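These notes are about the structure you will find just below.
Numbers here are sequence positions counted from 1. Here the structure is a predicted model, which is why all the values come from computation and not from measurement. When reading the values below, keep in mind they use all heavy atoms of this one structure, side chains included, and skip hydrogens, waters and symmetry mates.
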Amino acid sequence: MSKFPRLAEMGVVHPAQIARYSINSVDYVDYLRIIYDRPKGSLLPKVRNYEFLRVQKSLGPGGAAAVMESSLELKEALEELRNAVNAKAQADDTVSDMLDELQRLEETVAFHSACLRQLAEKIRKTQKKLV
């Protein structure tokens with residue numbers, strides 16, 4: 001079972017590759033544009049566009065006033081897109097944090113190695129003077 005069922009219905013196979021999305025409305029249609037961050041050499045499209053017809057909703061008693069609102073399918077897709085993009089951002093932050101921590105660890109190890117090397121050299125020089 002997919003974590004993103006509405007996106008899967010729309011044919012979105014790799015939600016982790018979604019870079020961003022936009023939504024525009026013209027007349028009675030909502031246009032959803034999904035932009036992907038594909039690996040180099042990928043034959044998959046970098047952009048996919050979807051259309052959703054707006055739904056008429058009656059307001060007040062007897063349907064005196066009516067408004068057009070986004071379809072349930074679009075609302076579900078937008079929620080899943082928000083979740084997918086947020087999950088990717090959190091994963092990117094985690095990777096950045098890990099790389100920063102690794103850099104600090106490498107610097108610490110290099111510093112301690114240099115200190116130990118200097119100490120070993122001092123001991124070697126002291127031993128040569130004694131012999």
Side-chain angles (χ1 to χ4, degrees):
M1 175 131 200
S2 173
K3 288 172 50 176
F4 306 106
R6 179 60 65 188
L7 294 178
E9 278 182 23
M10 294 167 49
V12 176
V13 181
H14 304 288
Q17 293 180 354
I18 296 173
R20 61 189 183 280
Y21 60 92
S22 65
I23 182 84
N24 294 303
S25 299
V26 178
D27 294 328
Y28 303 112
V29 180
D30 290 320
Y31 297 94
L32 174 63
R33 181 180 176 103
I34 300 176
I35 299 98
Y36 294 90
D37 186 16
R38 302 284 193 198
K40 189 173 182 176
S42 174
L43 299 177
L44 295 173
K46 292 188 182 270
V47 176
R48 291 185 75 181
N49 297 299
Y50 302 91
E51 294 180 15
F52 297 88
L53 292 176
R54 298 193 115 216
V55 179
Q56 184 173 341
K57 181 179 179 182
S58 297
L59 297 178
V67 295
M68 300 300 285
E69 72 174 20
S70 297
S71 67
L72 178 62
E73 292 83 9
L74 176 60
K75 290 177 183 179
E76 290 173 351
L78 288 173
E79 181 64 27
E80 291 180 10
L81 282 167
R82 271 187 226 101
N83 292 338
V85 170
N86 288 341
K88 182 179 178 185
Q90 288 176 349
D92 289 346
D93 288 345
T94 301
V95 169
S96 282
D97 290 346
M98 290 173 68
L99 290 173
D100 290 344
E101 189 63 30
L102 184 60
Q103 177 66 32
R104 283 191 290 277
L105 178 63
E106 289 172 345
E107 290 170 358
T108 301
V109 168
F111 174 75
H112 286 288
S113 295
C115 288
L116 287 172
R117 184 168 285 114
Q118 286 178 352
L119 184 59
E121 289 297 325
K122 284 182 181 179
I123 293 171
R124 179 181 286 162
K125 288 178 183 177
T126 305
Q127 286 178 342
K128 284 183 180 180
K129 287 181 183 178
L130 294 176
V131 175

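- Remark: Lys75 engages Glu69 in a salt bridge (charged side-chain N to carboxylate O under 4.0 Å, His left out) (not counting sequence neighbours).
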Give the table of side-chain donor-acceptor pairs shorter than 3.5 Å for residues 7-25, with sequence neighbours excluded, one pair per line with atom names and distance.
unit_1: Glu9; atom_1: OE1; unit_2: Arg6; atom_2: NH1; d: 2.7
unit_1: Gln17; atom_1: OE1; unit_2: Arg38; atom_2: NH1; d: 2.5
unit_1: Ser25; atom_1: OG; unit_2: Asp30; atom_2: OD1; d: 2.4

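- Under the salt bridge (charged side-chain N to carboxylate O under 4.0 Å, His left out) criterion, Glu121 pairs with Arg124, sequence neighbours left out.
- For Leu116, there are no side-chain contact (heavy atoms from CB on, under 4.5 Å) partners at least two apart in sequence or on another chain.
- Side-chain contact between Lys3 and Asn83 is absent, with no heavy atoms from C-beta onward closer than 4.5 Å.
- For Gln118, there are no side chain to side chain donor-acceptor pair (under 3.5 Å) partners two or more places apart in sequence or in a different chain.
- Residue Leu53 belongs to a hydrophobic cluster whose other members are Val26, Val29, Tyr31, with links defined by side-chain heavy atoms closer than 4.5 Å.
- Alongside Leu99, the hydrophobic cluster contains Val95 (criterion: ILVMFWY side chains under 4.5 Å).
- Among pairs with a residue in residues 40-49, none fulfils salt bridge (Lys or Arg N to Asp or Glu O under 4.0 Å), at least two apart in sequence or across chains.
- For Arg117, there are no side chain to side chain donor-acceptor pair (under 3.5 Å) partners two or more places apart in sequence or in a different chain.
- Atoms CE and OG1, from Met98 and Thr94 in turn, are 8.0 Å apart once rounded to the nearest 0.5 Å.
- Residues Val55 and Leu72 are not in side-chain contact: their nearest non-hydrogen atoms beyond the backbone lie 4.5 Å or more apart.
- Contact annotation: the side chain of Ser71 never approaches that of Arg54 to less than 4.5 Å [non-hydrogen atoms, C-beta and beyond].
- For the side chain to side chain donor-acceptor pair (under 3.5 Å) test, no residue two or more places apart in sequence or in another chain qualifies with Gln56.
- Through direct or relayed side-chain contacts under 4.5 Å between Ile, Leu, Val, Met, Phe, Trp and Tyr, Ile35 connects to Val47.
- Contact annotation: the side chain of Ile34 approaches that of Tyr50 to within less than 4.5 Å [non-hydrogen atoms, C-beta and beyond].
- Under the side chain to side chain donor-acceptor pair (under 3.5 Å) criterion, Gln103 pairs with Glu107, not counting sequence neighbours.
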